[in-house]
Amino acid sequence: MLALIAIAIALFVTPMTGRLIDLGNVFGLAVTSLFYAAAAFWEPILRLLKKLWRKKWGKALIIVPSAVLGLLMLYALVLSAFMTGAAVNRPHEPDAVVVLGCKVGKTGNPSMMLEYRIEKAYEYLSENPELICVASGGQGPNEALSEGQVIRDKLVEKGIDPSRILIEDRSTSTSENLEYSLLLLENEGIQAENIAIVTDGFHQLRAALMAKDMGVEAYAVSADTRFWLVPTYWVREWFALSHLFVFGR
C-alpha cells in the first residue's frame, strides 16, 4: 500500500520539477501525502479512533469528516467516469474540426501538449479531407505567436491544405476558443451543428459541455498526454468542471 501511494506522490511531484505547479498537483500531493501518513501510522491512528468512538462527540468527529470524504471521493469517481466517456466519444461525420490551443514558447514553438494536439489534428484531417478546421487560440503575454497561428503553420508544414484551415486568434479560454471558433465558421457559411474537438482527453468533457451550452454537439478527437502529466491535469480538471457547474462558462 505504501509503495502504491509513493508512486502516486511521485506522479504529482514529477511535473513540479519541470516548473508545472498548479492546483492539480498541489492538491493531489497534499491528499496523497495524507494517505501516506495515515498508512504509515495506521496502528496509532486506529487506537485513537477507538478511543474517540467511545464518546458521543468522538463519534460525530469521526462520522462527519468520513461522510464528507466519502461523498467527495464518490463525486471524483463519477466525474472521472464522465471524463473518460467524453474522451473516447469519437465523432461521426462532424461539420467541422476545432483544435484547441495550448502554450506556445517564446521562440514560437508549440509546447509538448500543443504538439500532440497538432499531430492528432493532422491525423484526423488527413483521414477526413473534406473537413474544415479552426485553429483556435490567442497570444499570451509570453508567447511569440498566437496559438491559432502556430497550429495553422504546423498543420500546413505537415501537408494540410491551408485553404482548409481558419485561424481564430482572439481567445484566452476554452469558452472563448469555442465561441469565437463557431462564430468564425458561421461567418464562412458553415452551420456547425456538431463538431470534432481536438484537445487532451481530460479536457474533452468540459469542452463538450461548453459547446452544448452554445447549442452544438461536440465529439472527441483526443490527443495523447504524457502519463506523468495525466494525474496533475486530471485533478485540476475536477476543479475546473466544478467551477463550470457552479458558475457556468
Side-chain angles (χ1 to χ4, degrees), residues 1-16 20-42 45-46 48-49 52-53 57-90 100 102 113 173-178 197 199-249:
M1 177 64 74
L2 286 175
L4 290 175
I5 300 174
I7 292 172
I9 290 173
L11 287 173
F12 286 114
V13 169
T14 300
M16 293 181 175
L20 172 59
I21 301 175
D22 63 20
L23 186 58
N25 51 21
V26 170
F27 179 81
L29 179 59
V31 171
T32 50
S33 296
L34 285 174
F35 276 114
Y36 188 90
F41 299 99
W42 176 244
I45 290 174
L46 186 60
L48 176 61
L49 291 175
L52 288 173
W53 191 256
W57 62 267
K59 289 181 180 179
L61 196 62
I62 295 172
I63 292 172
V64 173
S66 297
V68 171
L69 178 61
L71 288 173
L72 288 175
M73 291 177 67
L74 179 61
Y75 173 71
L77 184 63
V78 171
L79 208 55
S80 294
F82 279 105
M83 288 169 65
T84 302
V88 297
N89 187 23
R90 293 283 292 180
L100 301 187
C102 194
M113 291 181 72
S173 65
T174 300
S175 177
E176 290 182 354
N177 282 146
L178 295 168
I197 296 178
T199 186
D200 290 80
F202 61 80
H203 193 202
Q204 291 286 5
L205 176 60
R206 183 157 54 100
L209 291 173
M210 288 179 175
K212 192 175 185 66
D213 187 52
M214 298 174 194
V216 175
E217 198 71 27
Y219 298 92
V221 178
S222 296
D224 296 329
T225 308
R226 290 289 179 90
F227 77 92
W228 47 271
L229 289 174
V230 171
T232 290
Y233 284 111
W234 197 273
V235 172
R236 188 178 74 171
E237 201 63 20
W238 291 344
F239 288 95
L241 283 163
S242 300
H243 185 278
L244 176 66
F245 298 150
V246 175
F247 300 104
R249 62 186 176 89

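Not measured: the values here are computed from a predicted model.
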* Asked: Who pairs with Ser222 by side-chain contact (heavy atoms from CB on, under 4.5 Å), at least two apart in sequence or on another chain?
  -> Ala87, Gln204, Ala220
* With rounding to the nearest 0.5 Å, note down the distance linking CG in Leu29 to CE in Met16. => 5.0 Å
* Taking the side chain as every heavy atom from C-beta outward, state whether Thr174 and Thr199 have any atom pair closer than 4.5 Å. => no
* Spacing of OG1 belonging to Thr232 relative to CZ belonging to Phe27, to within rounding of 0.5 Å -> 12.5 Å
Side chains of residues 61-76: which donor-acceptor partners sit under 3.5 Å, not counting sequence neighbours?
from  : atom 1 : to     : atom 2 : distance (Å)
Ser66 : OG     : Ile62  : O      : 2.6
Tyr75 : OH     : Ser242 : OG     : 2.7

* Starting from the C-alpha separation in whole Å, work towards a yes-or-no answer on side-chain contact (heavy atoms from CB on, under 4.5 Å) for Leu20 and Leu229. => CA-CA 9 Å; Leu20 172 59; Leu229 289 174; 3.7 Å; yes
* To do: To the nearest 0.5 Å, tell me how far Leu34 CG sits from Ile5 CD1.
  => 10.5 Å
* Give a yes or no on whether Phe245 atom CZ has more than 12 heavy-atom contacts from other residues, nucleotides or ligands under 6.0 Å away. => yes
* Compare all side-chain heavy atoms of Phe35 with those of Ile9 and state whether any distance is below 4.5 angstrom. => no
* Near Met1 CE, under 6.0 Å, is it more than 12 heavy atoms from other residues, nucleotides or ligands? -> no
* Results of side-chain contact (heavy atoms from CB on, under 4.5 Å) for Leu2 - residues two or more places apart only -> Tyr36, Ala39, Ala40
* Heavy-atom distance under 4.5 Å between the side chains of Asn177 and Met210, does that happen here? -> no
* **Gap separating the CG atom of Leu178 from the OG atom of Ser173, nearest 0.5 angstrom** => 8.5 Å
* Asked: Within a strict 4.5 Å, meaning less than it, do heavy atoms of the Glu237 and Leu205 side chains meet?
  -> no
* Asked: What distance do Asp200 atom CG and Met113 atom CE have between them, rounded to the nearest 0.5 Å?
  -> 3.5 Å
* **Minimum side-chain heavy-atom gap Val221-Ile197 below 4.5 Å** => no
* Heavy-atom closest pair, residues Ile45 and Ala37 -> CD1-O, 4.4 Å
* To do: Over all heavy atoms of both residues, which pair between Ala207 and Leu100 is shortest? Give the atoms and the distance, please.
  => CB-CD1, 4.2 Å
* To do: Just grab all the salt bridge (charged side-chain N to carboxylate O under 4.0 Å, His left out) pairs involving residues 22-33, residues at least two apart or on different chains.
  => Asp22-Arg236
* Asked: Does the side chain of Val235 come within less than 4.5 Å of Phe12's, by heavy atoms?
  -> yes
* To do: Any pair with a residue in residues 213-227 that passes salt bridge (charged side-chain N to carboxylate O under 4.0 Å, His left out), sequence neighbours left out, goes on the list, sorted by first then second residue, please.
  => Lys212-Glu217, Asp213-Arg249
* Kindly assign one of parallel, tilted or perpendicular to the pair Phe202 and Tyr233, based on the angle between their ring planes and the thresholds 30° and 60°. => parallel
* Would a 4.5 Å heavy-atom cut-off, applied to side chains only, mark Leu49 and Trp53 as touching? -> no
* **Partner residues of Thr84 under the side-chain contact (heavy atoms from CB on, under 4.5 Å) criterion, sequence neighbours left out** => Trp234
* Between CG of Leu48 and CG of Leu52, what distance do you get to the nearest 0.5 Å? -> 4.5 Å
